[in-house]
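Below you'll find the structure, written out as structure tokens, and then a few comments.
Atoms within each ligand, like the ligands themselves, are counted from 1 in listed order.
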Amino acid sequence: MKRPIFFSDLDDTVFQTARKMDGVPAPENLASEALNGSHSYMSPAQAAMMEWLLASTRFIPVTARSTKAIGRCRLPFQDYQICTNGAVILWPDGRPDSDWLRQTQSQADMRDLTALLDFVQTQTEPGKYRSWIVEEYGTGYYFCVKSNSTAAALDQIDHRLTMLAGGRLVRHRNDNNLSFTPKGISKRHAVEYLLRTHLHDNTAPVFGMGDSLTDLPFMAVCDMMVIPRASQISREIFHTGAA
Ligand SMILES: [Mg+2]
């Protein structure tokens, strides 16, 4: 039997930073090292799930992480990897898919991203936020900003940034994470491309798993959708408010 294809978001789906977990995480469940020391861990259930999925499916990460940041994950991914919000697809041998890269490079527009970066860096209190443009192979792909205090502090700049972005960039907001990605670049487009090209002879079921509302479009092109119990999507479905 062919192994099911399992497209999955990573952060807050298969692991999360220690501050979001109940109790002290087990060191053997370290999933990703962060440059700022805020490492990510799997819960015992997530660790068991990943052992099962990596052994029994074609597990394909679908993440906003750059190729560098996904490289800091300890999990042994062996198949394709969709990085940088869909801008880059890595082959199992680690090389980027050059046809896809050419397409997404033509969709990227540094001017829009720079305008957002300039706003945060010149119009807000120094040290209040940290912001950057995620680049790959010399191309700027998306803008990201985080608060250095509480996630709620992002509310003060969210509207202004959304106005600046106009309709050209897609806004993503979940907890202390606000980002804007050009419309033509998305996790969904990358998943569709892989299914259409390299996985077109697939007859196995396709799963999509993710925690954020912005994961739903890529999950919706899969046969089955999987969500964590505590997630932005489940809060939306059950109207339980922020965790
Ligand atoms: Mg996530």
**Item:** Given Leu213, Ile237, Asp12, the one that forms side chain to side chain contact (heavy atoms under 4.5 Å, CB included) with Gln232
**Value:** Leu213

**Message:** Using the salt bridge (Lys or Arg N to Asp or Glu O under 4.0 Å) criterion, which residues pair with Arg196? Sequence neighbours excluded.
**Reply:**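 Here no residue qualifies.
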
**Message:** Under a plain distance cut-off of 3.5 Å, with no hydrogens placed, do Asn85 and His172 share a side-chain donor-acceptor pair?
**Reply:** no

**Asked** Where is the tightest heavy-atom contact between Ser40 and Arg65, given as atom of each residue plus distance?
**Response** OG-NH2, 4.2 Å

**Message:** Any heavy-atom pair between the side chains of Phe7 and Leu195 that's under 4.5 Å?
**Reply:** yes

**Prompt:** Name the one of Asp211, Asp215, Thr214, Asp11 that satisfies side-chain hydrogen bond (donor to acceptor under 3.5 Å, both in side chains) with Asn174?
**Reply:** Asp211

**Asked** Hey, which protein N/O/S atoms does the Mg ion (ligand 1) have under 2.8 Å?
**Response**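 Correct list: Asp9 OD2, Asp11 O, Asp211 OD1.
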
